[in-house]
Amino acid sequence: MASTALSAAVDVRFSGHSSETKRPIFFTSPLIRIPKKRFTAYCSSTSKSPPKSAPDLAQSDQKNPSLSEQLRPLTKTTLSDTPKDQANLLSKPKSTWVNPAKPKRSVISLQRQKRSSHSYNPQVRDLRRFAQKLNNSYISEAGFVSALEEIPHPLTRDNALLLLNSLKPWQKTHMFFNWIKTQKLFPMETIFYNVAMKSLRFGRQFQLIEDLANEMISNEIELDNITYSTIITCAKRCKLFDKAVEWFERMYKTGKMPDEVTYSAILDVYANLGKVEEVLSLYERGRASGWKPDPITFSVLGKMFGETGDYDGIRYVLQEMRSLEVQPNVVVYNTLLEATGKAGKPGLARSLFVEMLESGLKPNEKTLTALVKIYGKARWARDAMELWEQMRSNSWPMDFILYNTLLNMCADLGLEEEAEKLFEDMKQSEHCKPDSWSYTAMLNIYGSGGNADKAMELFDEMSVVGVQLNVMGCTCLIQCLGKARRISDMVRVFGISIERGVKPDDRLCGCLLSVVSLCENEDDEDRAVSCLEQANPRLVALVKLIQEEETSFETIKEEFRSVIGNTAIEARRPFCNCLIDICRNRNLHERAHELLYLGILFGLYPGLHNKTADEWCLDVRSLSVGAAHTALEEWMGTLCKIVQRKEALPEMFSAQTGTGTHKFSQGLGSSFAAHVRKLAAPFRQSEEKAGCFVATREDLVSWVESRLPSTVTA
DNA sequence: CTAGGGTTAG
């Protein structure tokens, strides 16, 4: 009955009727009919910047009720079959129903496609050996095909399937598949196509797979869920997402209902496309069809929310699993841990990990890698060290990536000795010898610790053991040597790196530019500039331009715009910071102010100045010392004007320098304090908040007035 | 890889 209704539906669709009201829901893929209202509400709650300090799982519902409010009616109603509830839930029920008295159409088959069980084949050993021989020889098609004549047993259907399953790589499977077709000994069933497609998928041969699918269609061989899921996942692996969607939609058009494997595969496709609303629509439609999603689906959802750092989304996944009583497995925990890391929620990561252990699951390398990364990034030294201890005492599995992640964690936390010990462990190990990632992490550690000698030792060691220096390692080393004012070493390292094939990127140029700003004499500066000249001549031209006093502001602006516009986003602010530092070090203060203005104009310092009714805050944490000074001067200048004009001012003023826990902001606080002292500005270190300087309106106004002794303030 | 879905590094 259903199939006739479906074929009628296909006819309607193909005959071009577009009347929405007449078409039953299953005429189109489920995406088209989903009321968007709920999902836009859901998404808009997450598209805003996440709450500053979102609470952890336990407290979350109380503090952020909007989401659970949205979700509660959802979980209660999705499984309801009564049209009244459905109608309340859907915003446009009329257009979605042929007959509102009937329950909603299903979008997913609740029965997973069954596999045919093959009986034991006594010839399996011979055939396997034969396949092995074919796999290991016969490069040419002619040789391969003639070898097929020596098949040890008759080519029955089952023997052919067994061989088809055992051949690799895909070229041989494909040749064999084509050959058995020419033999015409038995009809080519769906399973032959499915096995052939699977092999082709290993070779990412989407075009060949699609050709086979079209051949099935023209030969009227049924495409089943296994066929479709193979096509869809191959398209996905080849990044042909539109193809994946196209074949998925074809299922509904032809009246084939996807089962949960195909369904979760397409969810992953939409997730990869970043189409969060569509994924949620499909998910909800599946749920409304009575589907109980399995851990794989939740892993797909978890990864999707991780990609956008969507904390509410992660909580949604957890909540769904809890309410459906789906027990997460290791993979689900791993993806959720990754996701919480991307969402910047180390507390949730930690509690998830505890929950995982309590449920009796054993963490694997990926689990530990995710967690180590999170603790390092969050600078949670205590938790990181406890975890490390746990890893050793439980002898949890270690692999290469985990070693390198641990080294990076040490870099984040400044744990030089621990890193050295790990690095030694790696050298002693059988399978985890340090590679360029490991060396880079060590260079990062020595670099941020200012240990130029050890960094240089490592650099020399790399050439001895034959590990390639990469651009990141080169950047760390140059930064370190620059800070140590070891310009000769810096020039040598840069030259050798270029010789060895390091391609300078914008971050490396930023480091070279900062070395230029640090140079204390002209000779050093010339040598640093000539390195930069090789990597980025236009940047050097800009450096020269800003140092010419006669250059007009308009010229600077145009050149600045052009250089910054051609710079990777993450290197733009560092470029501007260094340019300002260069000006300040050469007493070109006015030019420094112009550059800060341009930096603000082009959006390099978002959030530099935060105003509320009660407080104005200057946040210089992402600025270099010179840029922070310039910003403070600029701020004071503006405040003076406002005081003079007697405009409204807030009660409190604050300047945030940070406490130097981040290696790039070290010393910002103390140099800021010195600068404030020099100006005799009324800012003092806040007692409650480290790295924050505060001043009251009264103090500030009287300070400004004292600096303007005889001006008429009319 | 015994016909199909999910997870690791600046």
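Throughout, a chain's letter reflects where its sequence line sits, starting with A, and its residues are numbered from 1.
- Remark: P of B:dG10 and CG of A:Asn404 are 10 Å apart, rounded to the nearest angstrom.
- Look at OH on A:Tyr403: it is 16 Å from C1' on B:dT8, rounded to the nearest Å.
- Using a 30° and 60° split on the angle between ring planes, A:Tyr252 and A:Phe248 fall in the perpendicular class, above 60°.
- Residue A:Lys168 is in base contact, counting any heavy-atom pair closer than 4.0 Å across all strands shown.
- Rounded to a whole Å, the NZ atom of A:Lys342 is 7 Å from the P atom of B:dA9.
- Base engagement by A:Arg112 is indicated by at least one non-hydrogen atom pair under 4.0 Å involving a base atom.
- A side-chain donor from one of A:Asp224 and A:Asn194 sits under 3.5 Å from a side-chain acceptor of the other.
- Backbone-only contact: A:Val195 has heavy atoms under 4.0 Å from sugar-phosphate atoms and none from a base.
- Residue ring and base: A:Tyr228 does not count as stacked with B:dG4 (centre distance below 5.5 Å and interplanar angle below 30° not both satisfied).
- Across all strands shown, A:Thr227 has no heavy atoms under 4.0 Å from either base or sugar-phosphate atoms.
- Within 4.0 Å of A:Asn408, counting heavy atoms only, lies no atom of the nucleic acid at all.
- Phosphate proximity of B:dG4 to A:Arg237: absent, as no side-chain N or O sits under 4.0 Å from OP1 or OP2.
- Taking atom OH of residue A:Tyr270 and atom P of nucleotide B:dG5, one finds them 19 Å apart after rounding to whole Å.
- Donor-acceptor pairing under 3.5 Å, judged by distance alone, is absent between the side chain of A:Ser229 and the base of B:dG5.
- Nearest nucleotide to the side chain of A:Asp224, out of B:dG5, B:dT8, B:dA3: B:dA3.
- As a whole-Å value, the separation of A:Asn225 CG from B:dG5 C1' is 11 Å.
- With distances taken from any side-chain atom of A:Phe400 to the nucleotides B:dG6, B:dG4, B:dA9, the minimum falls on B:dA9.
- Using a 4.0 Å heavy-atom cutoff across all strands shown, A:Lys377 reaches no nucleic acid atom at all.
- Residue A:Ser116 is in base contact, counting any heavy-atom pair closer than 4.0 Å across all strands shown.
- As a whole-Å value, the separation of A:Tyr193 OH from B:dG4 C1' is 18 Å.
- Remark: the A:Asp294 side chain and the B:dG5 base include a donor-acceptor N/O pair separated by less than 3.5 Å.
- Checked against B:dT8, B:dA3, B:dG6, the side chain of A:Asp268 finds its nearest nucleotide in B:dG6.
- Counting non-hydrogen atoms under 4.0 angstrom, A:Val332 reaches a base of the nucleic acid.
- Taking the side chain of A:Asp399 as heavy atoms from C-beta on, and the options B:dG10, B:dG5, B:dT8, the nearest nucleotide is B:dT8.
- A:Tyr193 has its ring centre less than 6.0 Å from the ring centre of A:Phe177.
- Atom NZ of A:Lys181 sits in a crowded spot, with more than 12 heavy atoms from other residues, nucleotides or ligands closer than 6.0 Å.
- Considering only side-chain atoms of A:Trp437, the nucleotide from B:dT7, B:dA9, B:dG6 that sits closest is B:dA9.
- Dashed line: the shortest gap from a side-chain N or O of A:Lys198 to OP1 or OP2 of B:dG4 is under 4.0 Å.
- You'll find a donor-acceptor pair under 3.5 Å spanning the side chain of A:Asn329 and the base of B:dG6, going by distance alone.
- Among the atoms of the strands shown, only primed sugar atoms or phosphate atoms (P, OP1, OP2) are found under 4.0 Å from some heavy atom of A:Thr335.
- Rounding to whole angstrom units, CZ of residue A:Arg115 and C1' of B:dC1 are separated by 12 Å.
- To the nearest angstrom, C1' of B:dA3 lies 11 Å from CZ of A:Phe202.
- Only the P atoms considered, B:dG6 is 14 Å distant from B:dC1, to the nearest whole Å.
- In summary, the aromatic rings of A:Phe423 and A:Tyr439 are positioned with their centroids under 6.0 Å apart.
- Applying the 4.0 Å criterion to OP1 and OP2 of B:dG10, one finds that A:Lys373 has a side-chain N or O inside that range.
- In terms of polar N and O atoms assigned as donor or acceptor, the side chain of A:Thr230 never comes within less than 3.5 Å of the base of B:dG4 in a complementary pairing.
- Using a 4.0 Å cut-off between charged nitrogen and carboxylate oxygen, A:Glu338 and A:Lys303 do not count as a salt-bridge pair.
- In this structure, A:Thr367 reaches neither bases nor backbone, as no heavy-atom distance under 4.0 Å exists between it and the strands shown.
- Between A:Phe298 and A:Tyr316, the ring center distance fails the sub-6.0 Å criterion.
- Remark: the A:Asn334 side chain and the A:Asn364 side chain contain an N/O donor-acceptor pair separated by less than 3.5 Å.
- Counting non-hydrogen atoms under 4.0 angstrom, A:Ser199 reaches nothing in the nucleic acid.
- Here A:Lys366 does not reach the OP1 or OP2 of B:dA9: none of its side-chain N or O atoms lies under 4.0 Å away.
- The base of B:dG4 lies close enough to the side chain of A:Asp259 for a donor and an acceptor atom to sit less than 3.5 Å apart.
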